[in-house]
Amino acid sequence: MSNGAAVAHDAHAHHPALAHHFESLDAQKEASVLGMWLFLVTEILFFGGALTAYMIYRTWYPDAFAVASSEIAILPGAINTAVLILSSLTMALAVHAAQTGERGKILVFIAITMVLGAAFLGIKAYEYHEKYVEGHIPGLGLPFRFEEEYYRPAQIFFSIYFVLTGLHALHMIIGLGIMTWMLVLTRKGVITPEYYAPIEISGLYWHFVDIVWIFLFPLLYLIGRHVHHVG
Amino acid sequence: MPTNTYLNAATTLKSWLLTRDHKRIALMYIAGITFFFGIGGFFAALIRLELVTPAGDLLTDETYNKVFTMHGVMMVFFVLIPLIPASLGNFLLPLMLGTKDVAFPKLNLLSFYVYLFGSLFTLYAIVAGGLDTGWTFYTPFSTVASTSAVVPAALGIFINGFSSILTGLNFMVTIHKMRAPGLTWFRLPLFVWALYATSLIQVLGTPVVAITIVLVAAERIFGFGLFNPAVGGDPVLFQHLFWFYSHPAVYIMILPAMGVVSEVIAGMARKQIFGYSFVAFSSLGIAIVGFLVWGHHMFVAGQSIYSALVFSVLTFIVAIPSAVKVFNWTATMYKGSISWQTPMIYVAGFIGLFAIGGLTGLFLAAMGLDIHVTDTYFIVAHFHYVMVGGAIMGYMAGIHYWWPKITGRMYNEFLGKVSAAIVFIGFNLTFFPQFIAGYAGMPRRYHAYADAYQVWNVLSSAGASILAVGFTMPLLYLAWSLKNGEIAGDNPWGAVGLEWNTTSPPPTENFHTQPIVTWDAYEYPTPVEGHVV
Ligand SMILES: [Cu+2]
């Protein structure tokens, strides 16, 4: 069967990455970038649901939330914030290297991004362990220790803390998986200055996950600390 | 029959299971949806059997709770949500846009398998102890009290949600980026506008129910305190999060059905749709305002009177774009040369039933009346008129209308008309008595009831058995037509629209040459006044 498509394929040589239903690589890239932006919109709503719960309960129990959040050590969270901002920089550099076609640089910058991502997760694990030691895990049948006055709403605070940071960490782990895949694509020579959409949209995802943390850090660690220390 | 079609391009099992052709994926969805419709229907049959007598004699109260829950879960999440977008939408969108496929064909296939995996996972929950929370998963019953398989059931729905999100995302990108040359936004068929509005809800709403399920699961698995009043949590917060998705979800079901209705009316009345841009924008209007009305599910849940007032007013407002559609369809049919084939009969059924479903929705938007009928059969009747009378009638209209395009063959027109009539009669007999029983105070979700309601329940159960016949018939005659139906030709209805400009069934690449669009949607020749065409 010689259908129209077969003829079209013979007529002019296609870039190997160009899917059969797109006119050009540019059109294909525009579609994938729009797709990723839409996906990030769904992510905003996903985290938004949990942040709504946070907002409601913070309004209901402002003192308990202020006291509970000041129980969290600031230093590991601050270091993690710096680690993630740095990883966003190296990610941006990787995208730039992909645009200019410097394969070696892409590999190096993605590798650094991954090391920083892993460091973030390591520090997060350390923080979770601290919560366990301090008796701040509100479930799993573990003893929850907190001052009598705020004993119940503090459990809500830490429940939300674990849900939000846990979901964020899950996104980081998925991000590491995506970055591994990008390393493979780059090594195989798929990524070229004509076709670097995979790196670009992976970068969008990575930056988004960083930005989520930029919101979580003040909401969970910082707001209301001074209230507790003065009072 | 054309020699080169998407059906005979390759015939191995693998060529189906790993296909990226949107048309084959659509057919796999139709198979999956039909399967789950059968299961949901089986549970419905158990409900109607139990309710023939006032005593709870067939099922124990606990089994009955599980049966109506599984009926709701199967029908809402695995039938109605994907019903039209994933099946007809998948098949038609690239054809209507004059392109070869959706923007992300691999993602499209992935969406199907995510749907299959998620729905089978929930099906497994039935075996693993069932689910007795109702499809609404209200806390704290679902998180601390229920002993049924809440987590597996919820996890299946969570997984399934990704299928819905990815389909919506895929369609939005496709509509933005894949339109044929010359096909501007205001030349798009109204079905495409409806799909766009539906996709918008899928993309913006589904993630919220996803996080809600995560919170419920976290509370149930880890014992976290999120909605639990024992630690100061708020069960009504769950209801807000849940209905933020689940009210707009009704529009995921009904909007694409409205899109089908616009197509069928234009094709069968052979006229330009009256007020094209009003119909197009009313879809977007429904999608947007539909996100602002969820609080009408909480009029009796301890919501403040002021927010209840606002939600009540907004619920009245969301009826306006729906009414705009109904008036425009009616105006389109006026003086049209309507051909009363099966799709058109289903469309007429849709308009009548949806009008009843929509108008009783206004009763429920009024707080005083809502308080009287909350949690009664009035509610059950109302949403079945919208979901079955609306969404499923629209789907049936669409399946018959595009059947010749999908399969290349005609269904049996006589049997089609008879079954459409049976569905219409059976449907009304099933659900109209429920309005009466509900208004008289019969509560929903009990396996036993007061004797006074028996007559309405017997009528309803009788109607359900007629409805079952009406839904079984198309299954048989459509299957029969696959091999024995008359060859349809490319355009049996003489309709305009890009999907009719290619062969039936279409080739894998949809069009033999790239279409270039220089005309508006529904450009039918204008009939001369006083002259029968
Ligand atoms: Cu609603």
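Naming convention: chains lettered A, B, ... in sequence-line order (proteins, then strands); numbering from 1 in each chain. Computed from a predicted structure; not experimentally measured.
Of the atoms belonging to B:Ala218, it is side-chain heavy atoms, and not backbone ones, that fall under 4.5 Å from chain A. Using a 4.5 Å cut-off between heavy atoms, A:Phe144 makes no contact with chain B at all. Both the backbone and the side chain of A:Leu38 have a heavy atom closer than 4.5 Å to some heavy atom of chain B. Using a 4.5 Å cut-off between heavy atoms, B:Phe511 does not touch chain A at all. For chain A, the nearby parts of B:Leu226 are the backbone and the side chain; heavy atoms of each come within less than 4.5 Å. Only the side chain of B:Val214 has a heavy atom closer than 4.5 Å to any heavy atom of chain A. With a threshold of 4.5 angstrom between heavy atoms, B:Leu169 approaches chain A through its backbone and through its side chain. With a 4.5 angstrom heavy-atom cutoff, A:Phe22 touches chain B only via side-chain atoms. The contact between B:Leu237 and chain A is made entirely by side chain atoms (from C-beta outward), counting heavy-atom distances below 4.5 Å. Contact annotation for B:Asn170: neither backbone nor side-chain heavy atoms come within less than 4.5 Å of a heavy atom of chain A. Contacts between A:Ala27 and chain B at a heavy-atom distance below 4.5 Å are absent for every atom of the residue. For A:Ile44, no part sits under 4.5 Å from any heavy atom of chain B, backbone or side chain.
When only modelled atom types and interatomic distance are considered, B:Ser15 and B:Arg24 share a side-chain donor-acceptor pair under 3.5 Å. Side chains of A:Glu43 and A:His171: a donor-acceptor N/O pair is present below 3.5 angstrom, by distance only. A:His136 and A:Tyr132 are not linked by any side-chain donor-acceptor pair at a separation below 3.5 angstrom, with hydrogens and angles left out of the test. Judged by distance alone, the side chains of B:Thr503 and B:Asp490 never bring a donor and an acceptor atom under 3.5 Å apart.
Annotation: side chain of A:Tyr221 is not in contact with side chain of A:Ser70 (no heavy-atom distance under 4.5 Å). With contacts defined as side-chain heavy-atom distances shorter than 4.5 Å, the pair B:Phe91/B:Tyr6 qualifies.
Most heavy-atom pairs under 4.5 Å with chain A: of the set B:Gly205, B:Gly168, B:Gly233, this distinction falls to B:Gly233. Most heavy-atom pairs under 4.5 Å with chain B, from the set A:Gly49, A:Pro138, A:Ser159: that is A:Ser159. Ranked by non-hydrogen atom pairs under 4.5 Å with chain A, the options B:Val209, B:Val102, B:Leu107, B:Asp234 are led by B:Asp234. Ranked by heavy-atom pairs under 4.5 Å with chain B, the first of A:Phe158, A:Phe162, A:Tyr61 is A:Tyr61. The most heavy-atom pairs under 4.5 Å with chain A, out of B:Phe238, B:Phe222, B:Phe227, come from B:Phe222. Per-residue heavy-atom pair counts under 4.5 Å with chain A were compared for B:Pro507, B:Gly225, B:Gly223, and the maximum is reached by B:Gly225. Looking only at heavy-atom pairs under 4.5 Å with chain B, the residue among A:Tyr151, A:Phe39, A:Trp60, A:Phe157 that has the most is A:Trp60. Ranked by heavy-atom pairs under 4.5 Å with chain A, the list B:Leu204, B:Thr206, B:Ile165 is led by B:Leu204.
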Step-by-step side chain to side chain contact (heavy atoms under 4.5 Å, CB included) determination, A:Tyr128 to A:Thr165: CA-CA 10 Å; A:Tyr128 277 9; A:Thr165 58; 2.7 Å; yes
Determine, step by step, whether B:His297 and B:Phe244 satisfy the ring pair (Phe, Tyr, Trp, His ring centres under 6.0 Å) criterion, reporting the C-alpha distance in whole Å, the side-chain angles of both residues, the deciding distance to 0.1 Å, and the verdict. CA-CA 10 Å; B:His297 294 271; B:Phe244 181 82; over 10 Å; no
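Ring geometry for B:Phe242 against B:Tyr138 counts as perpendicular: the plane angle is over 60°, on a 0 to 90° scale with 30° as the lower cut. Ring orientation note: the planes of B:Phe311 and B:His240 are tilted relative to one another, at an angle of 30° to 60°. Classified by interplanar angle (parallel below 30°, tilted 30° to 60°, perpendicular above 60°), the ring pair A:Phe120/A:Trp213 is perpendicular.
In terms of modelled atom types and a separation under 3.5 Å, the side chain of A:Ser32 and the main chain of A:Gln28 share a donor-acceptor contact.
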